[in-house]
Every structure is written in C-alpha cells, then in structure tokens.
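Just so it is clear, the values below take in all heavy atoms, side chains as well, and ignore hydrogens, waters and symmetry mates. Nothing fancy with the numbering, it's 1 onward along the sequence.
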Amino acid sequence: MFTQMKYEGTLESKYALLAKQIDALLTGESDLIANLSNASALLNQFLQEINWVGFYLMKDGELVLGPFQGLPACVRIAVGRGVCGTAVEQRKTIVVEDVHAFPGHIACDAASNSEIVIPLLKEDEVIGVLDIDSPIKNRFSEDDERGLTLFVQTLLKHL
C-alpha cells in the first residue's frame, strides 16, 4: 500500500527519496501503462506549483499522449514541434522559463507558463518524454532538472 509522505531536507535529498520510491513502487511490474500511470501520480503528489505532469510516447514517428495528471491534453505532437517535439529531436532535456517566448510552443493549457521536458532514452532510442508544466514562470531549477533526470533514469529500469 502506498502512503503519502512529507518530504524533508534539501531538494536533492527529496529527489533521491522520490527515485527510491518510484523504484520500490514499480519493482515486479513490467506493464508500461501501469508504470507510467503510477509515475505520473507520484510526481503529481511530490511536485509543488505544477498544473500538468505526464508522458508522451513515440508511436509511428510522432509523440502520442500517454498517462498523465492534469487537464485534457494535446493528443499528438510531431517531432520537432513544441517543447516536447524539440526535446525528442535534440535528444536532450529542455527547460523553458517562459513558454510564451518559446518558438512554436503548443498551448494545451492556457495556464501553463513554464515547462520541463525530459526524453526517455532506452537502448539509445527515444521512446517518449516526461513533460511537466507549471503556471509559475521560471518554476524549474537546475536542481529540479537533476532530480527529475534521476527519477527518469530510475523509471527507465522498469520500462
């Protein structure tokens, strides 16, 4: 049974605990949708000041909406389009302080002002992205990027 807990300490130690939680939560389960669903739920309860967290998965050369927490979202995103598609094309994490200044930003939720997208790389292939939006400009720090990268690396062991 999962129990919601209070995270204490530095942001780095909180993310380390979060990585341990996702590892424990997914151990023994191999279903992609179940694991991504639990990962998005865990991130949603952990992160403050966000309005959307979820996954897009590569299918037939484009990103398709996967498990998420938040308002309904765009279903398909072309590689190279918006923040998610650009992260896939560049194969790197993208942190956007102000999404309204990002060329070609796709506005699924008008309340979003900042975003972080981390590609999911398995066996050197992009299989999807973790996408997190916030109504707060400049919400995602370098510590968040490092912590979420650790989370994704741990998650990938279960996908």
Side-chain angles (χ1 to χ4, degrees), residues 4 6-7 9-19 21-22 32-33 35-122 124-156 159:
Q4 190 170 354
K6 184 176 179 183
Y7 297 88
T10 66
L11 193 53
E12 183 179 3
S13 66
K14 291 176 186 178
Y15 273 115
L17 178 56
L18 183 70
Q21 281 186 300
I22 194 63
L32 176 70
I33 300 302
N35 287 346
L36 293 178
S37 296
N38 271 331
S40 64
L42 183 61
L43 285 169
N44 191 55
Q45 69 89 29
F46 172 78
L47 293 167
Q48 302 296 312
E49 299 178 321
I50 66 163
N51 58 319
W52 200 92
V53 56
F55 297 92
Y56 281 90
L57 301 172
M58 289 298 300
K59 291 187 180 178
D60 300 324
E62 67 181 344
L63 289 166
V64 179
L65 182 64
F68 70 94
Q69 304 278 312
L71 294 177
C74 306
V75 175
R76 295 179 184 275
I77 300 173
V79 172
R81 188 161 175 257
V83 182
C84 290
T86 301
V88 170
E89 184 177 64
Q90 296 180 4
R91 300 171 61 91
K92 69 175 192 175
T93 297
I94 297 180
V95 178
V96 181
E97 294 178 4
D98 180 358
V99 296
H100 307 290
F102 189 89
H105 174 254
I106 301 167
C108 294
D109 182 346
S112 294
N113 284 308
S114 63
E115 185 171 6
I116 185 169
V117 177
I118 302 173
L120 305 176
L121 287 154
K122 188 149 179 124
D124 204 36
E125 180 182 337
V126 178
I127 62 168
V129 297
L130 167 61
D131 180 20
I132 307 172
D133 295 350
S134 172
I136 309 299
K137 286 186 179 176
N138 200 21
R139 158 64 181 85
F140 302 102
S141 67
E142 289 180 8
D143 288 338
D144 288 307
E145 182 177 351
R146 281 190 295 274
L148 290 166
T149 298
L150 174 62
F151 181 89
V152 164
Q153 290 168 344
T154 306
L155 171 65
L156 283 166
L159 301 182

Q. How far does CG of Leu130 sit from CZ of Phe151, to the nearest 0.5 angstrom?
A. 7.0 Å
Q) Okay, side chain of Asp144, backbone of Ser141: is any donor-acceptor separation there less than 3.5 Å? A) yes
Q | Main-chain N/O of Leu159 paired to Lys122 side chain as donor or acceptor, under 3.5 Å | A | yes
**Q.** Working for side chain to side chain contact (heavy atoms under 4.5 Å, CB included), residues Val129 and Val83
**A.** CA-CA 10 Å; Val129 297; Val83 182; over 6 Å; no
(Q) Measuring from atom CG of Leu17 to atom CD1 of Ile22, what distance do you get when rounded to the nearest 0.5 angstrom? (A) 12.0 Å
Q. Distance from Trp52 atom CH2 to Leu71 atom CG, nearest 0.5 Å?
A. 10.5 Å
Q: May I ask you to test the Asp143-Glu12 pair for a side-chain heavy-atom distance under 4.5 Å?
A: no
Q) Quick one: are Gln69 and Ser40 in side-chain contact, heavy atoms under 4.5 Å? A) yes
Q. Which atom names give the shortest non-hydrogen contact between Arg76 and Val64, and what distance separates them?
A. NH1-CG2, 3.3 Å
Q) If you look only at pairs with a residue in residues 99-112, which of them pass as a side chain to side chain donor-acceptor pair (under 3.5 Å), with sequence neighbours excluded? A) Asn51-Asp109, Asn51-Ser112, His100-Asn113, Ser112-Asp133
Q: Determine whether the side chains of Glu62 and Tyr56 contain a donor N or O and an acceptor N or O closer than 3.5 Å.
A: no
Q) Between Val152 and Thr93, does a side chain to side chain contact (heavy atoms under 4.5 Å, CB included) hold up when you go through it step by step? A) CA-CA 11 Å; Val152 164; Thr93 297; over 6 Å; no
Q) Taking everything shown except Lys59 itself, do over 12 heavy atoms lie less than 6.0 Å from its NZ? A) no
Q. Any donor-acceptor pair under 3.5 Å linking the side chain of Arg139 with the backbone of Ile116?
A. no
Q) Which heavy atom of Cys84 sits nearest a heavy atom of Glu115, and at what distance? A) SG-OE2, 4.1 Å
(Q) Could you go through Leu156 and Ile127, starting from their C-alpha distance and side-chain angles, then the distance that decides it, and tell me whether this counts as side chain to side chain contact (heavy atoms under 4.5 Å, CB included)? (A) CA-CA 10 Å; Leu156 283 166; Ile127 62 168; 4.2 Å; yes
Q: Evaluate whether atom CD of Gln45 has more than 12 neighbouring non-hydrogen atoms of other residues, nucleotides or ligands under 6.0 angstrom away.
A: yes
Q. Atom CD in Gln21, atom OG1 in Thr154: separation rounded to 0.5 Å?
A. 11.5 Å
Q. Closest approach of Ile33 and Pro67, non-hydrogen atoms and distance?
A. O-CG, 3.8 Å
Q | Atom of Leu18, atom of Phe46 and distance for their closest heavy-atom approach | A | CD2-CD2, 3.5 Å
Q: Would you mind telling me which of Ile118, Ile94, Val95 makes a side-chain contact (heavy atoms from CB on, under 4.5 Å) with Glu145?
A: Val95
Q) Is there a side-chain contact between Leu43 and Leu148 (heavy atoms, below 4.5 Å)? A) yes
Q) How far apart are the closest heavy atoms of Cys74 and Ile106, and which atoms are they? A) SG-CG2, 3.6 Å
Q. Has Gln90 got more than 12 heavy atoms of other residues, nucleotides or ligands less than 6.0 Å from its CD?
A. yes
Q. How close do Arg81 and Ile77 get, heavy atom to heavy atom, and via which atoms?
A. O-CG2, 3.4 Å
**Q.** Whether Ser134 side chain and Ser114 backbone form a donor-acceptor pair below 3.5 Å
**A.** no
(Q) If I take atom CD from residue Glu49 and atom CZ from residue Phe140, how far apart are they, to the nearest 0.5 angstrom? (A) 9.5 Å
(Q) Do Leu155 and Leu36 make a side-chain contact, defined as non-hydrogen atoms from C-beta onward lying under 4.5 Å apart? (A) yes
